[in-house]
Amino acid sequence: MNVNEFISQYKVVPVVVFNSMDEVRPKLSAMVKGGLPIAEITYRTACAGEAIKTAVEEFPEMLVGAGTVINKEQCEEALSYGAKFIVSPGFSDEVAKVCVERGVPYLGGCVTPTEVMKALSYGLKIIKFFPCSNYGGLSTMKALAAAFPAVKFLPTGGISDENLAEYLSWEKIFAVGGSWMMKGSPEEIADKCKKAVEIAKSAK
Ligand code: 3PG
């Protein structure tokens with residue numbers, strides 16, 4: 001499976017935080033039920049690695065990646081558990097090196113021209129733009145794109161159903177990330193995933 005093509009089909013990357021292993025199966029099942037089989041499982045909680053392992057083993061229909069990866073140890077652990085892509089809030093040289101070496105997509109956070117240049121120096125042309133709304137949203141990304149026409153963006157931070165279509169209407173948006181669809185009961189998560197997919201499909 002080609003990771004970038006898979007994400008491009010949906011244009012939405014759910015940012016998933018698991019506070020305990022008990023949440024993993026119900027939430028992932030809800031996402032699949034809602035038609036959004038992508039999970040960026042974040043290293044913000046102690047069970048992230050185990051959650052990635054379980055997701056990869058038990059949800060083969062899902063594209064599972066690791067988020068909030070801030071060092072190479074987390075990156076290597078996530079890859080050993082089968083994560084297919086790696087996301088960081090900022091840009092990490094050590095994480096970039098591991099990913100480039102292994103041919104795994106790395107979406108490192110870049111909000112300044114210097115950071116974008118660093119990502120490009122590794123041959124990485126898709127960058128995470130985080131926290132998007134705080135750093136000026138579309139207007140800042142458009143200014144960066146003027147200097148870096150090859151770059152595509154994964155904005156996250158402050159995105160919801162309300163502004164999803166607006167972001168996706170710009171052709172330089174690779175996909176949007178966020179946690180808005182992960183709140184509430186499994187039924188609510190399934191409904192919010194479905195709604196996000198519908199908005200993304202009609203925005204294309
Ligand atoms: C991330 O790491 O991408 C963000 O925490 C997601 O932001 P959100 O919670 O505002 O969607």
Side-chain angles (χ1 to χ4, degrees), residues 3-4 6-8 10-19 23 27-28 30-31 34 36 38-49 51-52 55 62-71 74-75 78 83-92 95-96 99 104-112 115-116 119 124 126-141 144 151-168 170 172-185 188-200 203:
V3 172
N4 290 349
F6 195 96
I7 294 175
S8 295
Y10 294 91
K11 298 263 179 196
V12 177
V13 178
V15 174
V16 184
V17 181
F18 287 124
N19 291 302
E23 299 175 355
K27 287 194 175 177
L28 295 178
M31 296 166 79
L36 186 47
I38 302 176
E40 176 197 323
I41 299 176
T42 58
Y43 269 83
R44 291 179 201 185
T45 54
C47 65
I52 290 170
M62 291 195 89
L63 175 66
V64 179
T68 322
V69 172
I70 59 170
N71 56 49
Q74 290 173 336
C75 178
K84 298 288 185 303
F85 64 96
I86 302 289
V87 185
S88 299
F91 192 89
S92 161
V95 173
C99 291
V104 175
Y106 176 48
L107 298 130
C110 300
V111 294
T112 65
E115 290 159 355
V116 176
L124 301 168
I126 305 174
I127 60 163
K128 172 166 163 134
F129 186 78
F130 169 80
C132 174
S133 50
N134 306 69
Y135 278 101
L138 272 176
S139 152
T140 303
M141 284 185 278
L144 287 169
V151 166
K152 292 222 168 173
F153 298 87
L154 174 79
T156 72
I159 298 176
S160 69
D161 279 350
E162 312 281 299
N163 53 11
L164 172 61
E166 189 190 348
Y167 281 103
L168 291 178
W170 186 41
K172 299 277 168 133
I173 300 294
F174 165 63
V176 302
S179 62
W180 79 90
M181 76 299 279
M182 295 308 299
K183 302 196 168 90
S185 66
E188 286 166 324
I189 291 172
D191 286 347
K192 287 180 196 165
C193 284
K194 196 165 168 248
K195 191 172 173 202
V197 171
E198 278 163 12
I199 296 173

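Note that ligands are numbered from 1 as they come in the structure, with each ligand's atoms numbered from 1 the same way. FYI, the numbering just counts along the sequence from 1.
- Atom NZ of K172 has more than 12 heavy atoms from other residues, nucleotides or ligands within 6.0 Å.
- Among all protein heavy atoms, the one lying closest to atom 6 (C) of ligand 1 is G157 N, 4.0 Å.
- Rounding to the nearest 0.5 Å gives a distance of 9.5 Å between OG1 of T140 and CZ of F153.
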request  = Please assess V111 against F129 for the test side-chain contact (heavy atoms from CB on, under 4.5 Å), listing each intermediate value before the final yes or no.
outcome  = CA-CA 6 Å; V111 294; F129 186 78; 3.8 Å; yes
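- In plain terms, the two heavy atoms of M31 and I38 that are nearest each other are CE-O, 3.0 Å.
- Close approach of ligand 1 to T156 (heavy-atom distance below 4.0 Å) involves ligand atoms 1 (C), 3 (O).
- Taking distance alone, with nitrogen or oxygen atoms compared against 3.5 Å, R44 approaches ligand 1 more closely than that limit.
- Those atoms of ligand 1 that come under 4.0 Å of a heavy atom in V15, given as number and element, are 3 (O).
- Nearest protein heavy-atom neighbour of atom 10 (O) of ligand 1: G158 N, 2.9 Å.
- The closest approach between G177 and ligand 1 stays at or above 4.0 Å for every heavy atom of the residue.
- Ranking protein heavy atoms by distance to atom 4 (C) of ligand 1, first place goes to F130 CE1, 3.5 Å.
- Nearest non-hydrogen protein atom to atom 9 (O) of ligand 1 is S179 OG, 2.6 Å.
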message = Determine whether Y43 and N71 satisfy the following criterion, side-chain contact (heavy atoms from CB on, under 4.5 Å), listing intermediate values before the conclusion.
response = CA-CA 10 Å; Y43 269 83; N71 56 49; over 6 Å; no
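- By the 3.5 Å distance cut-off applied to N or O atoms, W180 is not counted among the residues near ligand 1.
- When atom types are taken as modelled, the side chain of Y106 and the backbone of S92 share a donor-acceptor pair closer than 3.5 angstrom.
- Close contacts between ligand 1 and G178 involve ligand atoms 11 (O) [criterion: under 4.0 Å to a heavy atom].
- Looking at S88, its side chain does come within 3.5 Å of a backbone N or O of V69 through a donor-acceptor pair.
- Looking at K128 against ligand 1, only its side chain comes within 4.0 Å, counting heavy atoms.
- A distance of 8.5 Å separates CD1 of I199 from CD of E162, quoted to the nearest 0.5 Å.
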